Undergrad: 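Next up is a structure, given as C-alpha cells.
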Amino acid sequence: MRIGILGGTFNPPHLGHLVCAQEAYIQLGLARVMLVPARIPPHKPVDEEPGASHRLEMCRLAVRGDEHRFEVSDIEVGREGPSYTVDTLDELHSSKPDTELFLIVGADIAAGLPEWHQAERVVTAATVAVAERPGTSREAVTSALRRIPGAETGRFFDMPEIGISSTMLRERVRAGVSTRYLMPDAVREYIDHHHLYEGRPAQ
C-alpha cells in the first residue's frame with residue numbers, strides 16, 4: 001500500500017494543502033494521504049500558535065467527508081520534543097511495515113532537505129514526492145537531492161498554482177476580512193468559534 005505523508009504546521013489548514021494532497025494522491029497512485037501536523041517544528045517556531053490541539057482538530061475538520069482518501073495523524077502532536085520527520089517515518093514503518101511511504105513536500109521545502117535532521121535516513125524511509133511550484137526550479141530541487149545519498153528516487157508531481165498561505169489567512173482573520181472560499185467552511189467556523197488569530201488568547 002502506498003501512503004503519502006503531508007506534514008506541516010497547518011496554521012490553519014487551507015485549500016492549498018488539500019489540493020496538494022489530492023494531486024499527490026492522483027498522480028502518484030496513493031491509497032491514502034495522511035496529514036501530520038507538527039507539535040514543535042524543528043526549523044522555525046509556529047507563528048501565532050493557537051496550540052497544537054487546535055491545529056490537529058482543524059486538520060480533522062479540513063478532511064471531513066473525504067476520509068476515504070485523507071486521514072489525519074496525531075503522531076507528532078502526541079510526541080514530546082521537536083517533530084523530526086525521521087522519527088515520524090520510523091514510527092509509521094513500525095506500525096505499517098508493508099507500507100510504501102511518500103513524503104509530500106513543496107519544491108521550496110525539498111530544496112532545503114539536505115539541511116534536515118538525519119536527511120539520509122529520511123530519504124531512505126520514504127520516497128520524496130515534490131510538488132512543483134513557481135519560484136523553485138526542478139533543477140534546484142534535483143541538485144539539492146543529489147547531495148543526499150539515496151534521494152535519487154525522488155518523484156515530481158504537478159500542482160495548480162494556488163496563491164493561498166496560512167500567513168495570509170491569519171492576517172485576514174486578524175483584520176476581520178472574510179476567508180470564505182479560501183479554506184474549508186468547517187475550519188473557518190472553528191476559527192470563528194474559538195476566536196483564533198484575533199490577537200487574543202484562544203478559547
Side-chain angles (χ1 to χ4, degrees), residues 1-11 13 16-46 52 55 59 69-160 165-166:
M1 181 182 293
R2 292 179 159 198
I3 300 291
I5 309 300
L6 179 59
T9 54
F10 299 105
N11 190 35
H17 294 128
L18 298 178
V19 170
C20 180
Q22 172 175 269
E23 295 309 300
Y25 174 88
I26 294 170
Q27 296 178 44
L28 302 177
L30 304 178
R32 296 177 73 78
V33 174
M34 180 184 296
L35 275 62
V36 184
R39 177 175 179 268
I40 304 175
H43 304 294
K44 63 178 182 178
V46 179
R55 293 187 285 105
C59 284
R69 298 193 303 170
F70 304 146
E71 64 181 288
V72 176
S73 171
D74 63 357
I75 189 171
E76 292 188 356
V77 170
R79 188 170 64 224
E80 295 296 323
S83 300
Y84 290 118
T85 299
V86 67
D87 296 333
T88 300
L89 296 176
D90 283 347
E91 285 191 48
L92 291 173
H93 272 299
S94 295
S95 62
K96 304 174 186 291
D98 298 324
T99 298
E100 183 180 1
L101 301 180
F102 287 73
L103 180 64
I104 302 168
V105 293
D108 53 333
I109 301 299
L113 269 173
E115 283 70 52
W116 280 30
H117 178 68
Q118 298 190 27
E120 188 170 343
R121 284 185 58 206
V122 169
V123 301
T124 300
T127 298
V128 179
V130 183
E132 297 201 67
R133 293 177 178 171
T136 304
S137 67
R138 179 180 287 212
E139 290 73 19
V141 173
T142 302
S143 176
L145 293 180
R146 285 199 194 105
R147 294 165 51 196
I148 311 172
E152 297 82 3
T153 56
R155 297 277 301 275
F156 288 85
F157 65 94
D158 297 324
M159 177 179 165
S165 72
S166 294

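As the structure is a prediction and not an experimental result, all values here were calculated from the model.
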Undergrad: Would you find a donor on one side and an acceptor on the other, under 3.5 Å apart, between the side chain of Ser83 and the backbone of Arg39?
TA: yes
Undergrad: Throw together a table of side-chain donor-acceptor distances under 3.5 angstrom for residues 100-119, partners on residues two or more places apart or in other chains.
TA:
residue	atom	partner	partner atom	Å
Glu115	OE2	Arg147	NH2	3.0
Gln118	OE1	Arg121	NE	3.4
Gln118	OE1	Arg121	NH1	2.3

Undergrad: Taking all atoms of both residues into account, what is the closest heavy-atom pair of Val128 and Val123, and its distance?
TA: CG2-CG1, 3.8 Å
Undergrad: Who are the side-chain hydrogen bond (donor to acceptor under 3.5 Å, both in side chains) partners of Glu71, not counting sequence neighbours?
TA: Arg32
Undergrad: State, to 0.1 Å, how close Gly7 and Phe10 come at their nearest heavy-atom pair, and which atoms those are.
TA: C-CE1, 3.7 Å
Undergrad: Hey, mind stepping through Met34 and Ile75 against side chain to side chain contact (heavy atoms under 4.5 Å, CB included) and telling me if it holds?
TA: CA-CA 11 Å; Met34 180 184 296; Ile75 189 171; 5.6 Å; no
Undergrad: Determine whether a donor-acceptor pair (N or O, by modelled atom type, separation under 3.5 Å) exists between the side chain of His93 and the backbone of Ala125.
TA: yes
Undergrad: Donor-acceptor pairs under 3.5 Å, side chain of residues 18-27 to any protein atom, not counting sequence neighbours: which ones?
TA:
residue	atom	partner	partner atom	Å
Gln22	OE1	Arg69	NH1	3.3
Gln22	OE1	Arg69	NH2	3.1
Glu23	OE1	Gln27	NE2	3.1
Gln27	OE1	Asp158	N	2.9
Gln27	NE2	Asp158	O	2.7

Undergrad: Indicate yes or no: at least one non-hydrogen side-chain atom of Ser166 is less than 4.5 angstrom from one of His17.
TA: yes
Undergrad: Specify the closest pair of heavy atoms between Thr85 and Glu76, including all atoms of both residues, with the distance to one decimal.
TA: CA-OE2, 4.5 Å
Undergrad: Check whether any side-chain N or O of Ser143 sits under 3.5 Å from a backbone N or O of Glu139 as a donor-acceptor pair, and report yes or no.
TA: no
Undergrad: If you compare all heavy atoms of Ala31 against all heavy atoms of Met1, which two are closest, and at what distance to 0.1 Å?
TA: CB-CG, 3.4 Å
Undergrad: For Ile5 versus Leu92, what's the shortest heavy-atom pair and its separation?
TA: CD1-CD1, 3.5 Å
Undergrad: Can Arg2 and Thr127 be counted as having a side-chain donor-acceptor contact under 3.5 angstrom?
TA: no
Undergrad: Tell me the closest heavy-atom pair linking Val72 and Pro37, and the distance in Å.
TA: CG1-CD, 4.2 Å
